[in-house]
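Structure first, then comments.
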2 protein chains.
Amino acid sequence: MPARIEDVATHAGASIKTVSRVLNGLPSVRPKLRARIEASIRALNYIPNPSARSLAGNRSYLIALLYDNPTAGSNYIMELIVGVLMACKNTPYHAVLHPFESSDDPVAAIDGFVARHRPEAVILVPPHANNVELLQRLDQLDIRYSTISSKSGRTCLDVGFDERKAAAEIVRHLVELGHRRIGHITGLKGHGARTWRLNGYRDALHDAGIDFDASLVVEGDFTFASGIAGAKQLLDLPKAPTAIFAGNDDMACATVREAYERKLSVPGDLSVCGFDDTPAALLMSPELTTAHQPCRAMGRLAVEHVLNSIGSPVIRKKVQVPYRVQQRDSTAEPKSR
Amino acid sequence: MPARIEDVATHAGASIKTVSRVLNGLPSVRPKLRARIEASIRALNYIPNPSARSLAGNRSYLIALLYDNPTAGSNYIMELIVGVLMACKNTPYHAVLHPFESSDDPVAAIDGFVARHRPEAVILVPPHANNVELLQRLDQLDIRYSTISSKSGRTCLDVGFDERKAAAEIVRHLVELGHRRIGHITGLKGHGARTWRLNGYRDALHDAGIDFDASLVVEGDFTFASGIAGAKQLLDLPKAPTAIFAGNDDMACATVREAYERKLSVPGDLSVCGFDDTPAALLMSPELTTAHQPCRAMGRLAVEHVLNSIGSPVIRKKVQVPYRVQQRDSTAEPKSR
DNA sequence: GTCAAATGTTCCAGCGCTGTCATTTCGCGA
DNA sequence: TCGCGAAATGACAGCGCTGGAACATTTGAC
């Protein structure tokens, strides 16, 4: 049987309540007693019983991670999870994963989930992070949350990185290589990522004094299939682009595939870049030039910030983590300049 | 304030204890009363307080998923997690993820984890699933566990699929295309996957009446880098193979890369197949022929079986799920036959 | 119709901790 | 040295549920 708080109290010659104070980092314990109690805790290898703690304190010590049901290869979520778990490690909090379809009624899903687990904090990933109704419901329930890369302004606390600047940096890299006709396959409408990356693309063109050509921007939805369609559309253009900036890595892979189908070499005949730096970016041949999305850091920060905000009034702020553009082998000078 | 068990009892005109029996599926409640109580539960939208339940019943309702700290792109774990979460959905159990380095002292790590969370069941993924010391410790602690694809015979309950047969099927596919010189890049020593896949390779050669040629089998460790090294070694052979069966998809991707470096076309000059069917297999050009590893199903089954075994004596059995060989575009007839 | 066995129900204590509030101790100035 | 207010400490109830024992009711055999 593991040690209980009572055992620690006896061992340290203090009262249960005082031990509790030490455990919870409350003030009003003299340093000397505190040290003695801490020693007893270590000596007895005492670990508070989480259930008893939750019950008595009416707290769950739970952080929920809400994300869309991953279809396949959601490396993004996996990395985020790693970051979240790492951040929880040295806290009494513990993460509960809750994947759920954005197609279901999200507010009802939240209500059910909250009733069941009573999380003290929630972390939301797009698309849920963009769902204003959902965020409002959480505010109503007085549950602190932080979002990852939310495009919604009303978010309580958002962690992300400057996707617009990263996209611009990628496109600038293409411009510097000598490309003038640069295509873009966009992400899915409604996602912040779509807008930011598209805007970054436009920024870079503008900075380089290249006129925006609407025919060089085609609609995608972040899937491989949409990348194929987008690449076809761009490469069928009377004056095809010499480089394509795809809105994410999957669509970039699709673009490479379509280029190969047309016997175009990458990067010889066509430069391709993606966005996200998924593991596939390194497995591809050639390795994909892309922007590295710092998922682990974002997960970690989301946890740290949201835990800080528990018990405090709602703060609204945006936190940005550094990103990195990975120049690899899928981009090169255009053949004819 | 949410409803408590007492409210349900009052509402249904029964005692608290009887409601508790209904909640826990215990016998000794007349169908009529049971139905009335169930109606009250729904009417009041009652959900038992998990902390109170755990505290009073001295149970945690926790299933731990132990895995190695994923370096990157661990789609395998992600899919497993999805399966595990799905299986927990309609049980009172809830999953705790615990990634930890296999290089640390695993037994100490387990002891710490168990002390903190007191999981009622544990699911282990390789390499931890192969760690006999770890499994013994869990037996000592009287914690039921199930393993995924463990190569250890002493495992309590293992969920996997017939990797040997799957590998043989892949190699047979190459043989049927007309290949006679088929190379193999192995997995990391110590992993069951390495042995099973290698044995499957040998089985298929044997069945086809092709003599085993040790020079066609080179050491890999499941990483991309080792795949490059392995492919180099095989393609440098005086009589290079016309097809390479890599021990996993990452090494297959590396083989494709190395082929491209040498201006060999895939599958024209060299057929390549992998194993696992990671998302990258579909993003590659050409799409990779590979064996689909049914991770979700394995995660789900592991949960279901291990939950059944809680409270019962240890059962030792192996459960196998169906796999699927995905024939795609990275394999074709050899050029010269 | 009777009685014992079987089935179903109620009562009560207590799981291990925290919150409230009463009590003790301390530090400091007079 | 004493007295006082503030800080430190402790006693106790109770969080919501389950387990076991005691009690009540039903069932079935004769």
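Remember, it's a predicted structure, so these values are computed and weren't measured experimentally. So that the names make sense, note that chain A is the first sequence line, chain B the second, and so on, each numbered from 1.
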Pair A:H98, A:H117 - check ring pair (Phe, Tyr, Trp, His ring centres under 6.0 Å), show working. CA-CA 11 Å; A:H98 188 60; A:H117 296 282; 7.4 Å; no
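- Between B:N49 atom CG and A:L55 atom CG the span is 6.0 Å, to the nearest 0.5 Å.
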Is there a side-chain hydrogen bond (donor to acceptor under 3.5 Å, both in side chains) between B:Q293 and B:Y323 once you walk through the steps? CA-CA 6 Å; B:Q293 171 143 218; B:Y323 63 89; over 6 Å; no
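- The distance from atom CZ of A:R118 to atom P of D:dC15 is 14 Å, rounded to the nearest whole Å.
- A:Y46 and A:H11 have their aromatic ring centers separated by at least 6.0 angstrom.
- Whole-Å rounding puts the B:L55 CG to C:dA13 P distance at 17 Å.
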Short heteroatom pairs, N/O only, protein and nucleotides 17-19 of chain D, under 3.5 Å:
from   : atom 1 : to    : atom 2 : distance (Å)
D:dC17 : OP1    : B:Y46 : OH     : 2.3
D:dC17 : OP1    : B:N49 : N      : 3.3
D:dC17 : OP2    : B:I5  : N      : 2.5
D:dT18 : OP1    : B:N24 : ND2    : 2.9
D:dT18 : OP1    : B:R53 : NE     : 3.2
D:dT18 : OP2    : B:S20 : OG     : 2.8
D:dG19 : N7     : B:K17 : NZ     : 2.6

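- The 5' end of DNA chain C is approached more closely, in terms of each residue's nearest nucleotide, by B:S15 than by the other of B:N58 and B:S15.
- With sequence neighbours left out, B:D139 forms a salt bridge (charged side-chain N to carboxylate O under 4.0 Å, His left out) with B:R154, B:R316.
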